[in-house]
Amino acid sequence: MAGQTAARAWQRMLSGRRLDLLDPSPLDIEIADIAHGLARVARWNGQTKGDHAFSVAQHSLLVEHIFRTMHVEAPADWLLAALLHDAPEYVIGDMISPFKATLGEDYKSVEKRLHGAIHLRFGLPADTPPKLKAEIKKADCIAAYFEATELAGFAHGEASRFFGRPRGFTAETLDLEPKPARRAQASYLARFEAVEKSRRKAA
């Protein structure tokens with residue numbers, strides 16, 4: 001239709017960056033925006049116990065912690081990949097798996113482009129190597145199992161069917177307390193800085 005403006009495909013970030021969702025540039029990605037966004041995105045659609053949502057920032061810290069415990073000799077690049085595994089959700093939110101399946105390839109293509117741009121921004125390969133991706137996924141499933149059973153009301157048997165039953169970890173050894181957004185944000189940034197320091201030493 002003549003005179004009709006094209007639909008907006010970018011989001012303004014608090015840093016001042018303008019991120020194009022269809023063609024994201026690594027130059028428009030800032031860790032402060034990622035930490036801010038992930039700390040305010042709820043896991044499990046907010047259907048968790050506690051006075052605060054269990055955020056994607058907390059989930060990301062949990063996955064990185066589990067991954068690091070499983071791979072004590074892992075290089076800092078791998079730890080960063082684990083910490084950033086859900087980073088696209090600072091823009092597109094955390095959709096539960098059934099809804100992702102409904103959206104299909106459209107969702108996956110947007111997520112993949114964002115993931116690649118985020119990795120390039122922080123000096124990682126755009127595509128996570130398959131073996132590393134599989135190991136991060138294992139840590140992700142362990143985190144999901146404990147989140148499901150401790151926070152989201154799943155029975156242990158039900159969670160086992162979806163995520164597998166973890167070995168070598170117990171709920172008592174993991175930080176599963178939902179925290180205020182500012183605390184989750186600060187913790188995410190602090191862990192990012194610690195990993196970056198390790199990367200600089202290794203370079």
Under the ring-ring contact (aromatic ring centres under 6.0 Å, His included) test, residues paired with His65 that sit two or more places apart
none
Within residues 174-185 or reaching into it, pairs that qualify as salt bridge (charged side-chain N to carboxylate O under 4.0 Å, His left out) - sequence neighbours excluded
Asp175-Lys179
State the CD-CG distance between Gln11 and Asp33, to the nearest 0.5 angstrom.
9.0 Å
Closest non-hydrogen contact found for Ala143 with Val63 is CB-CG2, 3.8 Å
Not counting sequence neighbours, which residues clear salt bridge (Lys or Arg N to Asp or Glu O under 4.0 Å) with Lys137? List them please.
Asp140
Using the six-membered ring wherever Trp is involved, compare the ring planes of Phe163 and Phe154 and label them parallel, tilted or perpendicular (cut-offs 30° and 60°).
tilted
In short, side-chain hydrogen bond (donor to acceptor under 3.5 Å, both in side chains) pairs touching residues 18-29 with sequence neighbours left out are none
Pairs in or reaching into residues 164-198: which pass ring pair (Phe, Tyr, Trp, His ring centres under 6.0 Å), with residues at least two apart or in two chains?
Phe122-Phe192
Quick test of your reading: applying side-chain hydrogen bond (donor to acceptor under 3.5 Å, both in side chains), list the pairs with at least one residue in residues 149-159, sequence neighbours left out, ordered by first then second residue.
Tyr145-His156
Show me the donor-acceptor pairs within less than 3.5 Å that the side chains of residues 46-57 make with the rest of the protein, sequence neighbours left out.
unit_1	atom_1	unit_2	atom_2	d
Ser55	OG	Ala57	N	3.4
Ser55	OG	Gln58	N	3.2

Nearest-0.5 Å distance, CZ of residue Arg113 to CD1 of residue Ile92
10.5 Å
Would you compute the distance between atom CG of Leu22 and atom CH2 of Trp10 and round it to the nearest 0.5 angstrom?
13.0 Å
Rounded to the nearest 0.5 Å, what separates atom CG in Leu84 from atom CZ in Arg121?
11.0 Å
As a quick check of understanding, evaluate side-chain contact (heavy atoms from CB on, under 4.5 Å) for Phe67 and Leu62, giving each step before the final call.
CA-CA 9 Å; Phe67 178 85; Leu62 182 60; over 6 Å; no
Please identify each residue that fulfils ring-ring contact (aromatic ring centres under 6.0 Å, His included) with His85, with sequence neighbours left out.
His59
Should Ile142 and Phe162 be counted in the same cluster of Ile, Leu, Val, Met, Phe, Trp and Tyr side chains packed under 4.5 Å apart?
yes
To the nearest 0.5 Å, how far apart are CE in Met13 and CG in Leu19?
4.5 Å
With Arg40 via salt bridge (Lys or Arg N to Asp or Glu O under 4.0 Å) - residues at least two apart
none
Decide yes or no for Phe146 and Thr173: does some side-chain heavy atom of the first lie under 4.5 Å from some side-chain heavy atom of the second?
no
Taking distance alone, no hydrogens or angles, what donor-acceptor pairs closer than 3.5 Å link side-chain atoms of residues 123-132 to residues at least two apart or in another chain?
none

Quick one: list whatever passes side chain to side chain contact (heavy atoms under 4.5 Å, CB included) with Glu193, sequence neighbours left out.
none
Straight-line distance of Lys138 NZ to Ile66 CD1, nearest 0.5 Å:
13.5 Å
Taking atom types as modelled and ignoring hydrogens, do the side chains of Ser60 and Asp86 form a donor-acceptor contact shorter than 3.5 angstrom?
no
The complete set of side-chain hydrogen bond (donor to acceptor under 3.5 Å, both in side chains) pairs with one or both residues in residues 67-80, sequence neighbours excluded, reads Glu64-Arg68, His71-Glu135, Asp77-Arg199
Membership question, hydrophobic clusters at under 4.5 Å side-chain separation (ILVMFWY): are Val91 and Leu120 in the same one?
no
